[in-house]
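Only one structure is covered here, and it is reproduced in the block below.
Heavy-atom basis, side chains included; hydrogens, waters and symmetry copies ignored.
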Amino acid sequence: MVPSEENQLVPKEIESAADEPRVLCIIQDTTNSKTVNERITLNLPASTPVKRLFEDVATKVGYVNGTFDLIWGNGVNVADTTPLDQSSDKSVVDAGFESGKKNFLHLTDKDGEQPQIALEESGGADGHNPDRFIGPLPREGSVGCSSDYVSQNYSYSSILSKSETGYVGLVNQAMTCYLNSLLQTLFMTPEFRNALYKWEFEETEEDPVTSIPYQLQRLFVLLQTSKKRAIETTDVTRSFGWDSSEAWQQHDVQELCRVMFDALEQKWKQTEQADLINQLYQGKLKDYVRCLECGYESWRIDTYLDIPLVIRPYGSNQAFASVEEALHAFIQPEILDGPNQYFCERCKKKCDARKGLRFLHFPYLLTLQLKRFDFDYTTMHRIKLNDRMTFPEELDMGSFIDIEDEKSPQTESCTDSGAENEGSCHSDQMSNDFSNDDGVDEGICLESNSTVERISKAANEKNSLLYELFSVMVHSGSAAGGHYYACIKSFSDDQWYSFNDQHVSKITHEDIKKTYGGTSGSRGYYSSAFASSTNAYMLIYRLKDTMRNAKFLEVNEYPEHIKRLVEKEKELEEQEKRQREIERNTCKIKLFCMHPVKQIMMENKLEVHKDKTLKEAVEIAYKIMDLEEAVSLNCCRLVKYDEFHDYLERSYEGEEDTPMGILLGGVKSTYMFDLLLETRRPDQAFQCYKPGEVMVKVHVVDLKQETVAPPISVRAYLNQTVTEFKHLISKTIHLPAETMRVVLERCYNDLRLLNVANKTLKTEGFFRSNKVFIESSESQDRQLTFTDSQLWKLLDRHANTIRLYVSLPEQSPGTQIRRTVFQKASGDSGNLDEICERVKGPLGNMKSVEAILEESTEKLKTLSLQQQQEGDNGDSSKSTEASDFENIESPSNEADSSTSTENRELENQIQVSDPDNFQSEERSDSDLNNDRSTSSVDSDILSSSHSSDTLCNVDNAPMPLANGLDSHSITSSRRSKANEGKKETWDTAEEDSGTDSEYDESGKSRGETQYMYFKAEPYIAEEGLLIHVDKRITLSAFKQQLEPFVGVPSSQFKVFRVYASNQEFESVRLNETLSSFSDDNKITIRLGRALKKGEYRVKVYQLLVNDPEPCKFLLDSVFAKGMTVRQSKEELLSQLREQCGLDLTIDRFRLRKKTWKNPGTVFLDYHVYEEDINISSNWEVFLEILDGAEKMKSMSQLAVLSRRWRPSEMKLDPFQEIVLESSSVDELKEKLSEISGILLENIEFAKDCQEWAMDMATLINFGVPCRFANPVYNMPRDKTEEVVELTEEQRNELMKKESSRLQKTGHRVTYSPRKEKALKIYLDGAPNKDLTQD
């Protein structure tokens, strides 16, 4: 935040020369990635010397002057990269700065070394402390400047430099501000700190990691001696037994105080500090009831560690104005009269009485908790009361002792109603485990055996109960969360400080007053809603007693073990400092290397000291990349590399002895470039890479072989012409430049023919890294328009070809081919060529591989055409069982003359397994937004073509492979430019309903496509194929290409996409392309009938209403649009018998809607899917077996599941179903009376409006009926039946059993509300988890 103009400080010399021009300087710090976006703005007089500019910049950024350079940035004198002269007396105008304009400068490293951070100096020119603040942390730049220029508050002060106050802050782990506030308060308490130092840790008795006192001791030593601005508290929280998740839990600071004090007491047992907490913080009060008739008093003694003070009395709309007022209210007695009368033991009757609290003993350190968190019974939410409550800097507690009450003679006649009672009924903050310490001389005790002595002591010490405030723990925020910090007065100099996590700053008493809360207006009921949310929450006072008030121990007064600890921590801090210095001078940069043998790009991080030479850095990189066995060290070098553009920026010839800090431009946390460890063969020489060159990857195209060769790297200049570039390439690849065609791929599939000889590469669109294709034949293809040429078609196909791994099912032709080859490769006897030439078919005949593939294709095509013709004659059911293979070019030009007999033979050879055997293992894309295969998750289409020439090295004839097999390649001609504008579809009448069908209603195949490049070869490493395919092909056409390898028609197998987590999802949208697939994706083929148009895969579950697990999966089935419920039940009969062993008749079961695990509407036999019942992909339905005939005949009826509730036994009877005709309450009562045996006039029922499996909590709190809907689940009961009274143990046990039951059935447990995580400190350093708890 920039201060306003009127608040700026203007030097006197400028006041006398107000019209002097100003120079606006904007400096960007480029030495660190964290500061690269920061800007320093300096508005200087034009006469300011350059050396003053450096001084101002150094002051502003916190660097030591002379350890950085300033160079011109973007905007002015861009070409001049010479640093400004730091010692120059020239004015900024004479040095080239322009007045009235923005002058951009870059702050850079000096001589390859980062600037040194200057230690903070106290105060500014006006004595203003820029770190001084009160409340939540201000945003960066929120404090005004005090110099003669306008700027943000640009500070590099980190936790490494100590605050000017001399105090050290604490780092907030995440939400541990409440812990930091309490720890700083304890540290600033002399009596607590001194006592902690006197305790000595015995390492032989306890692990130092889990010792809470020892870790507190270490923390206090660091707070007192560390040179850092802030230190971590992770060691302390680790001793609490907390893990990292606890850092994200915010707790109440008062709760932490009590829990930590308890933990310290446990750790300090049988030590000198065993009673330290009680001596410092424990007080006593009397809880009494006095009869107003006879004066008899019944009382008990309670101890406390803090006094909870109410902000606003219950039921009142006005808050207490001050702490004194709240204290008086705390001890104000109440009158017990009327129905609240007290039974007096002396009077032997109920009498009016006075009940109240009386302070007996005040602690040395008095803690007051302001109860700002309350519960609003109107909104049923926790709220924070932000009302104003003042508190004095000195608090006189003598005014809260009732001397007159002590003089009452009735006091002596009263008797103690018992020993000290554990726990006070007045506050949950009262201590419950302290003994009666009447003899303790700490604090002020007003209890005595003698009335005279007691009164005398009370009168004498009443004037000495003066406490001084020294700690205010402040909460800023709401009841849902906020921020804690502490305002603490130092007893050393009586100065107030704000300890706000890692920030420590001086504050005044006026800042303390800002924590009172509230507003300046009247304190109405809603005043806290508009008040400041930053206010005091806990106050700690110390008794003013010059005889007992301690001072902090001096260094020479430390016990010996503390002196050793101080030396140990200093040594660790120095060691850490040295390590930071090494880290600060270490260059860390990404390192890449193309492995010379494996040919894979490896990535690592190179960490090298800035003083190491380039030669030494190469040795380090050589070891990091583990190249000892691949290449010798003298065949390696480091070059500047841009991994994003795959661009070699420059090499470092002759700079082997240059330090890396200079080569890399200094030590930085992030570099804008990388390093590449380049390798060469022993007979090669390294190429020189000069700055300004561009990288060109050249691919040579062979039109005759239809191949694209791997890239060859060539370096060129942007100012070269196309003709010069051709000659450069000609020298590299030895092709004639005269016939050379050069095609530039500027971005994905954006091909541009470079045919203007005089244009420069920059004009043509070359950048740092480029890819070009070269073709130099003398074919007639040169005469065609580029977009109509064979070259363009080949490159277009090359850019869209992807490589897929396809896993085939067992017994498929492709699997048999792969297995035969693999066995031979493993060493089987016989001739490999002979094995590859012939594969045994399903019927035992031996045929060549190519013959099998060609015959399969042609016979399936003929069969499809024949079935289509039959379908045109009216046999529609048969026509939908096969696919149409139109417009697919066969590898052979010969027509297949197969007869219908041969077609039948082929059908006999194709063995289709029962598709239902595969259903339970499948998942559909519809589970992931209906089509995962076309989602954006895997649509990582490659923007560059493949580097391997095998992707497009395909001819129309079979191509021999290395293993002796012939690759089956099916190609089709690409569409011409004339047809480019014509949009072709497979079935324009079909609308997408969630699952596309492969066939339309006439049985015509929808697999026609223009993009039909497809090449398959056996993949030895897996059970399947390696396929190169044009990703613009549709899934339907892709399945047709796979038919010869699977051995069944495309309608009889399914395609599953395999993701990185090995999850498989079915691809079902046949009219979608393979655009979402990318190289090396995996596909699994499974046998089973694919869905047709209007068909949906349905999961069938059995409904068992009275079983512990009422929802049981049975099978997957297929329902079709237009099918009736009865037809689907007929389809299910055979499946239930074969797969589930359920022998049912069609009238003995029903189907009903399934919503999660809840049963819904009953589907009647005449209902039609998609007309009466909405159906979708992966639909789920319940199957319910009936005990008798179906009672539901009409949708006007209402099916009700009912179970009787027996409150006297605390149990439920089994479910029974009743069917209502009119859905009236009277009819329901009659039906319930019939099945339950309850008299009609005594019957009560309640409807479960949420889940049908009711939990016991709902039954215990019996509800009322609500609006009916189908289905209804209700519970009748006899209203005359008494409800059994449960003890708390029985209730908890019942809840636990019900919770276990519901968790098994998958139902949510609704009776147990979410509880906040309790604050716990584990004395053994680790939580003892109870696995039996819910």
Side-chain angles (χ1 to χ4, degrees), residues 30 71-82 104 106 592 639-653 665 671-676 678 686-701 708-776 782 785-787 789 791-792 795-796 798-799 942-945 947:
T30 62
I71 64 173
W72 292 106
N74 299 329
V76 184
N77 298 336
V78 178
D80 186 5
T81 58
T82 305
F104 293 91
H106 283 173
F592 295 88
V639 296
K640 194 175 181 180
Y641 177 59
D642 181 358
E643 186 263 342
F644 181 78
H645 296 99
D646 193 16
Y647 169 60
L648 296 172
E649 295 192 19
R650 61 158 298 187
S651 54
Y652 300 103
E653 282 79 11
Y671 291 91
M672 303 301 292
F673 56 90
D674 313 301
L675 289 179
L676 174 72
E678 191 179 22
F686 281 123
Q687 184 180 352
C688 179
Y689 307 138
K690 297 179 181 180
E693 294 177 335
V694 294
M695 175 76 72
V696 183
K697 293 186 177 180
V698 180
H699 297 261
V700 179
V701 180
V708 179
I712 299 173
S713 296
V714 176
R715 295 180 73 85
Y717 290 94
L718 291 177
N719 57 1
Q720 283 182 324
T721 64
V722 174
T723 301
E724 294 171 341
F725 181 61
K726 287 182 178 180
H727 283 90
L728 176 64
I729 295 177
S730 178
K731 294 179 182 179
T732 305
I733 61 178
H734 307 294
L735 291 177
E738 294 76 15
T739 59
M740 186 179 295
R741 285 188 289 177
V742 181
V743 179
L744 171 66
E745 184 179 84
R746 294 187 296 183
C747 57
Y748 168 69
N749 212 18
D750 180 13
L751 305 174
R752 179 173 183 174
L753 181 65
L754 308 183
N755 51 11
V756 181
N758 296 327
K759 273 193 173 184
T760 64
L761 300 186
K762 183 176 182 180
T763 307
E764 290 288 4
F766 277 68
F767 192 56
R768 306 178 71 180
S769 182
N770 311 274
K771 180 163 61 176
V772 299
F773 300 93
I774 302 298
E775 195 279 325
S776 191
R782 297 171 53 84
T785 306
F786 176 57
T787 53
S789 65
L791 176 61
W792 186 83
L795 295 179
D796 179 65
H798 172 72
L942 298 181
S943 59
S944 60
S945 58
S947 60

Under a 4.5 Å cut-off applied to non-hydrogen side-chain atoms, are [X] and [Y] in contact?
X	Y	result
Val701	Leu791	yes
Val694	Asn770	yes
Ile774	Arg741	no
Asp674	Phe644	no
Trp792	Thr785	no
Ile733	Val700	yes
Asn755	Phe786	no

>> Show the nearest heavy-atom pair for residues Lys640 and Leu675, with the distance to one decimal.
In response: CA-CD2, 4.2 Å

> What pair of heavy atoms forms the shortest contact from Thr760 to Leu718, and how long is it?
Replying inline: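 Here Thr760 and Leu718 meet closest at CB-O, 3.6 Å.
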
>> Taking side-chain hydrogen bond (donor to acceptor under 3.5 Å, both in side chains) as the definition, give me every residue that meets it alongside His645, ordered by chain and number, with sequence neighbours left out.
In response: Asp642

>> Once salt bridge (charged side-chain N to carboxylate O under 4.0 Å, His left out) is applied, what residue pairs with a partner in residues 686-695 remain, sequence neighbours excluded?
In response: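 As it turns out, the salt bridge (charged side-chain N to carboxylate O under 4.0 Å, His left out) pairs with a partner in residues 686-695, which skip direct neighbours, are Glu693-Arg715.
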
> According to the salt bridge (charged side-chain N to carboxylate O under 4.0 Å, His left out) rule, which pairs have a member within residues 754-766, sequence neighbours left out?
Replying inline: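 Every pair satisfying salt bridge (charged side-chain N to carboxylate O under 4.0 Å, His left out) with a residue in residues 754-766: Arg752-Glu764.
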
> Any idea how His798 and His699 line up, ring-wise: parallel (<30°), tilted (30 to 60°), or perpendicular (>60°)?
Replying inline: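 The rings of His798 and His699 sit tilted, inter-plane angle from 30° to 60°.
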
> If you measure only the distance, is there a donor-acceptor pair under 3.5 Å linking the side chains of Tyr689 and Glu678?
Replying inline: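 Side chains of Tyr689 and Glu678: pair found under 3.5 Å.
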
> Does the separation of the ring centres of Phe767 and Tyr647 fall below 6.0 angstrom?
Replying inline: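 Phe767 vs Tyr647: aromatic centres not under 6.0 Å.
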
>> If the condition is side chain to side chain contact (heavy atoms under 4.5 Å, CB included), which residues does Thr739 pass it with, not counting sequence neighbours?
In response: Pro736, Ser776, Glu778, Arg782

> Excluding sequence neighbours, so at least two apart, what forms ring-ring contact (aromatic ring centres under 6.0 Å, His included) with Tyr652?
Replying inline: none

> Lys726: what forms a salt bridge (Lys or Arg N to Asp or Glu O under 4.0 Å) with it, not counting sequence neighbours?
Replying inline: none

>> Keeping Ser730 on the side-chain end and Leu735 on the backbone end, is there a donor-acceptor pair under 3.5 Å?
In response: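 Yes, Ser730 side chain to Leu735 backbone: donor-acceptor pair under 3.5 Å.
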
